[in-house]
Amino acid sequence: MINNKQITSVIRKKQNGNVPSPKKEHRMPSYTRTWIEIDKAAYIHNLKFLQQIFQDTEIAAVVKGNAYGHGIEQIVPIAQNNGIKYFTVFSLDEACRAFSVMNKTTKLIIMGYIPNDSYDWVIKNEIEFFVYEPGDLADAIKASKLQKKPALVHLELETGMNRTGLDEHNLKKALKLINENKKNVHIAGVCTHFAGAESIANHVRIKRQIINYNRQLLQVKKEGYQPDKLHMACSAAAISYPRTRKDLIRVGILQYGFWPSFETRIAYMQKYKHTVDPLRRVLSWKSRVMHVKTVEAGEFISYGTAFFASEKKKIAVVPVGYADGFNRSLSNNGRVLIHGKIAQVIGTINMNMLIADITPIKNVKPGDEVVLIGKQKNNTINVSSFSEFTQQVNYELLTRLPDSIPRIIKE
Ligand SMILES: *Cc1c(COP(=O)(O)O)cnc(C)c1O
């Protein structure tokens, strides 16, 4: 059984692992060879924009996947200081991290995995959670009796995604359990998740899911329950299907300045008659030049024969490699920014290093800032251009940025 001591140790380890924010921009602790900067003003700008267009409903900030790579411990405090009252995570381990930086009045919902012996901790700390399996609900009820506190459950309905979720048969079972244990369960929500609201290709399926949701919700209401929050929409649904907003929307990707898909952006622009992108990117990924040298014409650079110098080259070695999430498929293919200019990545990406061609860039020296994602002077490396090279979607690239890279808040 996971106990409070173990959880406290997870939290403590995480807190010790955090690098304190530097007072001045770019004044990084010298041991950091690569870091991620969080633009606080840009994040707050996005929240304000979302609060304005979704003013008819409550926003739950989705911070799973280490807040889409932005850092749970960094994002949660900023969000809760700017009007966010609900957070959602995927699993217990992420819940521990969010909980360690949350106010007492803020609500936290686990949307996915909870080991069955951990409901004691979850219920004791009044953390809400999705129920998609009557057996889990039975375990939660046991824990509730032990803790003398009700389990705060969101009944997740299977409406057509065919992933997690209670089908009609299991919903009946769950309601029976709740009827028998009224004091131990509080229905904090009834919810579902759409199977691809970001694409018009799934339109018919989404519509069917809404119908299924409403039918099953009736079953809950017939038993006399009034759930606190009805919710179904992710970012894409909240934009493209306004009637799915209900009482609460679970917004992930939009907070961080990205559209779920190009189609969703078009839907927004048509609806609101906006032509400029109202969202701002929050994350930048940076490093420094570690070594500079000249390579004569006729030589190969880095491992093997992937890059042949047909002319004399000046190169910069950067201490970031595939171990840091700089994908190997960017060998001979990626780009970085140095002195505000685009430098081509040449040769294979190594475990801890990459090599950039700085032949046309003057006076590069060790210690100079390198931008892997983000802006430097007039040039930008977008996550989207980055992910096109590596065939990843934005969501995947962001969440694969390793937890071990320090996240620094730029005030
Ligand atoms: C990830 C997730 C969301 C948020 O999705 P976005 O497209 O990032 O807004 C909402 N609900 C559930 C159940 C999720 O897993």
Side-chain angles (χ1 to χ4, degrees), residues 43 46-47 49-51 53-54 57-70 72 75-76 79 84 86-95 98 107-114 128-133 153-166 188-200 202 206 209-210 212-213 229-242 244-265 267-268 279 281-283 383-384 387 392-401:
Y43 181 66
N46 293 342
L47 285 183
F49 163 72
L50 296 171
Q51 284 157 344
I53 64 166
F54 299 136
T57 179
E58 182 96 48
I59 297 174
V62 181
V63 295
K64 68 187 179 189
N66 198 23
Y68 292 51
H70 292 64
I72 289 179
I75 289 296
V76 166
I84 296 295
Y86 277 85
F87 291 97
T88 82
V89 292
F90 172 70
S91 51
L92 181 75
D93 53 323
E94 293 177 336
K107 293 188 170 161
L108 179 60
I109 311 173
I110 302 176
M111 304 186 291
Y113 183 68
I114 304 173
E128 306 181 8
F129 56 95
F130 282 22
V131 164
Y132 46 85
E133 156 69 48
V153 309
H154 292 251
L155 297 172
E156 189 198 3
L157 305 178
E158 175 56 78
T159 57
M161 176 149 181
N162 294 313
R163 194 176 65 178
T164 49
L166 298 158
V190 173
C191 58
T192 194
H193 187 52
F194 292 119
E198 71 287 349
S199 169
I200 193 78
N202 302 320
I206 302 300
Q209 284 192 268
I210 299 171
N212 288 341
Y213 176 89
K229 299 277 182 200
L230 306 181
H231 54 112
M232 59 202 324
C234 55
S235 296
I239 297 273
S240 301
Y241 301 87
T244 65
R245 288 178 196 167
K246 306 272 181 192
D247 305 319
L248 182 83
I249 55 177
R250 306 181 303 261
V251 177
I253 197 95
L254 284 172
Q255 292 168 80
Y256 309 107
F258 298 90
W259 294 92
S261 67
F262 193 65
E263 281 175 45
T264 312
R265 185 173 166 190
Y268 166 78
L279 297 173
R281 300 291 153 84
V282 175
L283 175 148
V383 170
S384 62
S387 41
Q392 293 171 314
V393 293
N394 289 341
Y395 289 81
E396 184 178 350
L397 186 127
L398 289 167
T399 52
R400 284 175 73 142
L401 291 170

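In each ligand, atom 1 is the first atom listed, and ligand 1 is the first ligand listed.
Checked against the 6.0 Å centroid criterion, the rings of Phe49 and Tyr268 qualify as a close aromatic pair.
Scanning for salt bridge (charged side-chain N to carboxylate O under 4.0 Å, His left out) contacts around Lys229 gives Glu58, with sequence neighbours left out. Tyr43 meets the side chain to side chain donor-acceptor pair (under 3.5 Å) test with Gln255; sequence neighbours excluded.
Looking at heavy atoms from C-beta onward, Tyr68 lies in side-chain contact with Val62 at the 4.5 angstrom threshold.
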Could you list each nitrogen or oxygen of ligand 1 that sits under 3.5 Å from a protein nitrogen or oxygen, with the atom names and the distance?
residue, atom, partner, partner atom, Å
ligand 1, 7 (O), Tyr395, OH, 2.8
ligand 1, 8 (O), Tyr68, OH, 2.5
ligand 1, 8 (O), Ile253, N, 2.8
ligand 1, 9 (O), Ser235, N, 2.9
ligand 1, 9 (O), Ser235, OG, 2.5
ligand 1, 9 (O), Gly252, N, 2.9
ligand 1, 11 (N), His193, ND1, 3.4
ligand 1, 11 (N), Arg250, NE, 2.8
ligand 1, 11 (N), Arg250, NH2, 3.4
ligand 1, 15 (O), Lys64, NZ, 2.6

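If you take CG on Leu398 and NE2 on His70, they are separated by 6.0 Å, rounding to the nearest 0.5 Å.
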For residues 158-166, please give each side-chain donor-acceptor pair under 3.5 Å, one per line with the distance, not counting sequence neighbours.
residue, atom, partner, partner atom, Å
Glu158, OE1, Asn162, N, 3.4
Glu158, OE1, Arg163, N, 3.3
Glu158, OE2, Gly160, N, 2.9
Glu158, OE2, Met161, N, 3.2
Glu158, OE2, Asn162, N, 2.8
Thr159, OG1, Thr192, OG1, 2.8
Thr159, OG1, Gln209, NE2, 2.9
Thr164, OG1, Glu156, OE1, 3.0
Thr164, OG1, Glu156, OE2, 3.3

